[in-house]
Amino acid sequence: MKLLAFLMQTGGHIAGWRHPRAADNALCDMQYFQELARTAERGLFDGIFFADSVGYHPVKGEDIFACLETPKLEPGLVLAAIAATTRRIGLIATGSTTYGEPYDVARRFATLDHLSAGRAGWNIVTSTMENEAHNYGRDAHLGHSDRYARAAEFVDVACKLWDSWDDGAVLADKASGRYTDPSRITGLDHKGAYFRVAGPLNVPRSPQGHPVLVQAGASDTGKRFAARYAEVIFTSHPAKESAARFRTEMHELLAAEGRAADTLKIMPAITPIIGRTREEAAELQAQLDASIPSPVAISKLEGLLGNFDLSAYAPDDQLPPIPEAPNSTRDRVVELAQRERLSIRDLAQRVAAGRTSRTVVGTAHDVADELADWYQGGAADGFVISAPFLPAGLADFVDSVVPELQARGLFRREYEGETLRDHLGLARPANSFAADPSLRSKPEIW
Ligand SMILES: Cc1cc2nc3c(=O)[nH]c(=O)nc-3n(C[C@H](O)[C@H](O)[C@H](O)COP(=O)(O)O)c2cc1C
């Protein structure tokens with residue numbers, strides 16, 4: 001079983017930050033993040049995972065929570081600080097293909113892969129917020145299909161940049177005076193619909209060849225994109241059945257791309273609420289849920305429904321018809337409301353508390369049972385563990401659930417490899433230019 005630790009701000013529960021065991025105002029503190037990573041490494045996690053966006057993300061109308069999801073240090077820099085105090089754990093950061101340029105992203109992740117000796121992963125997202133567009137000189141967020149077309153070209157260019165130095169292109173030969181072998185460095189001369197990139201990258205090929213490519217986005221277009229590029233999918237399912245259907249469908253799409261099923265690890269998010277007894281766990285969940293002001297929950301729901309205004313409806317009403325939008329999160333929320341016939345208030349509370357992923361409430365034994373059931377039932381290759389509050393929720397998982405999983409033979413007792421690819425059982429990609437020299441072009445010379 002593979003495990004990633006989701007280090008979402010102060011935790012996976014929207015009100016987790018209010019819990020007495022949550023860290024106090026630590027989101028700009030390097031030691032907070034380093035300690036979280038060391039805890040995950042102590043638990044032998046495959047990696048840690050930072051979500052990210054490039055905009056301000058207030059929850060409409062509620063000052064106390066307004067900035068909860070906003071404080072986000074640049075995750076590549078945070079991971080560099082973490083790389084310095086950890087040795088094995090994988091380091092995954094989100095990077096948008098809708099904003100920014102492939103050269104910057106390729107360079108950032110190649111650098112992180114070098115500095116961490118092969119532990120970098122890139123979570124490829126196409127972004128969701130209008131405010132991000134306004135920060136990057138655009139009037140509006142790109143449309144869904146445009147975003148994915150741009151994402152495909154973005155990732156193609158990034159991969160070519162990582163391959164623009166052959167392994168071994170750096171000679172650093174003091175005797176002959178040759179620092180590099182220019183015949184093993186390739187220009188790109190890329191001129192596409194979205195990007196023009198001369199190349200080569202100014203960073204030699206990194207230990208993993210490419211950072212591990214992670215993807216999050218689950219529309220039909222998103223799934224086809226993942227089948228082509230992703231090595232890990234971070235996904236979100238409220239129940240084992242939908243996770244299993246998703247995994248089966250992804251395996252079919254992978255086969256259509258000529259890829260083997262084990263080249264992609266599918267990892268749903270799970271929020272574990274752990275108690276020494278079931279009663280204690282249920283109490284903790286109730287305490288966390290009671291800390292979410294109702295307007296915050298409804299505002300959160302409106303956001304997940306594509307900023308649909310619910311102010312004309314009473315909290316006890318059922319969800320009105322929500323306009324179709326090509327966004328997989330909206331679909332999952334609507335499906336949840338219909339399946340369980342939830343009122344707006346209850347639906348809002350549910351999605352605010354656990355977003356659209358599964359919250360497992362119980363003892364460490366119960367949590368291990370559920371993870372084992374999903375894993376052995378073909379619903380997951382592993383899990384993104386989103387502790388409800390940090391750092392204590394992650395430490396609870398490491399100290400109580402990990403030993404349960406180990407005792408059942410489901411999880412490692414020590415790291416067996418060095419790189420994130422080693423941990424996840426993913427092959428190091430071949431260099432596309434070394435494999436087919438006809439693709440090479442000479443770097444520009446001034
Ligand atoms: C589980 C999950 C996690 C995501 N994490 C991020 C993130 O950290 N930052 C971001 O900008 N977008 C994130 N997204 C948004 C996606 O990249 C994508 O833009 C959005 O889901 C719409 O595409 P889709 O309809 O294919 O799902 C995430 C989506 C999912 C489903």
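It should be emphasised that the depicted structure is a prediction, and the values quoted were computed from it without experimental measurement. These values consider heavy atoms only, across backbone and side chains, with no hydrogens, waters or symmetry-generated copies. Whatever order the structure lists them in is the order used to number ligands and atoms, beginning at 1.
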Next item on the list: For Ser127 and ligand 1, answer yes if some heavy atom of the residue is under 4.0 Å from a ligand atom, otherwise no.
Entry: yes

For [X], the ligand 1 atoms whose distance to one of its heavy atoms is below 4.0 Å:
X	result
Ser219	24 (P), 25 (O), 26 (O), 27 (O)
Ala51	8 (O)
Ala218	24 (P), 26 (O), 27 (O)
Thr128	15 (C), 19 (O), 20 (C)

Margin query: Less than 4.0 angstrom from a charged side-chain N to a carboxylate O is my criterion; do Asp46 and Lys265 meet it?
Written below: no

Item checked: ligand 1 to Ser236 polar contact by distance, N or O atoms, under 3.5 Å ->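 No - when backbone and side-chain N and O of Ser236 are compared with those of ligand 1, no distance drops under 3.5 Å.
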
Notebook entry, point to check: Just distances here: any N/O of Thr126 and N/O of ligand 1 closer than 3.5 Å?
Noted result: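 The answer is yes, given that Thr126 and ligand 1 share an N or O pair closer than 3.5 Å.
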
Margin query: Could you go through Tyr415 and His423, starting from their C-alpha distance and side-chain angles, then the distance that decides it, and tell me whether this counts as ring-ring contact (aromatic ring centres under 6.0 Å, His included)?
Written below: CA-CA 7 Å; Tyr415 286 113; His423 305 334; 4.7 Å; yes

Any [X] side-chain heavy atom under 4.5 Å of [Y] side chain:
X	Y	result
Val333	Leu347	yes
Ile385	Phe45	yes
Thr248	Glu252	yes

Check: Taking everything shown except Arg87 itself, do over 12 heavy atoms lie less than 6.0 Å from its CZ?
Finding: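 Not more than 12 within 6.0 Å, no.
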
Item checked: Side chain, backbone, both or neither: His144 near ligand 1, heavy atoms under 4.0 Å -> side chain

Note to self: Which residue is it: Phe383, Phe50, Phe397, Phe49? I am looking for the one with a ring pair (Phe, Tyr, Trp, His ring centres under 6.0 Å) to Phe6.
What the structure shows: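 Testing Phe6 for a ring pair (Phe, Tyr, Trp, His ring centres under 6.0 Å) against Phe383, Phe50, Phe397, Phe49 leaves exactly one candidate, Phe49.
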
If you measure from [atom] to every heavy atom of [options], which option wins on shortest distance?
atom	options	value
atom 10 (C) of ligand 1	Thr221, Val125, Thr235	Val125
atom 29 (C) of ligand 1	Gly95, Ser386, Pro75, Ala216	Ala216
atom 23 (O) of ligand 1	Tyr148, Phe234, Tyr99	Tyr148

Checklist line | Stepwise side chain to side chain donor-acceptor pair (under 3.5 Å) test for His210 and Asp113 | finding: CA-CA 8 Å; His210 303 173; Asp113 205 43; over 6 Å; no

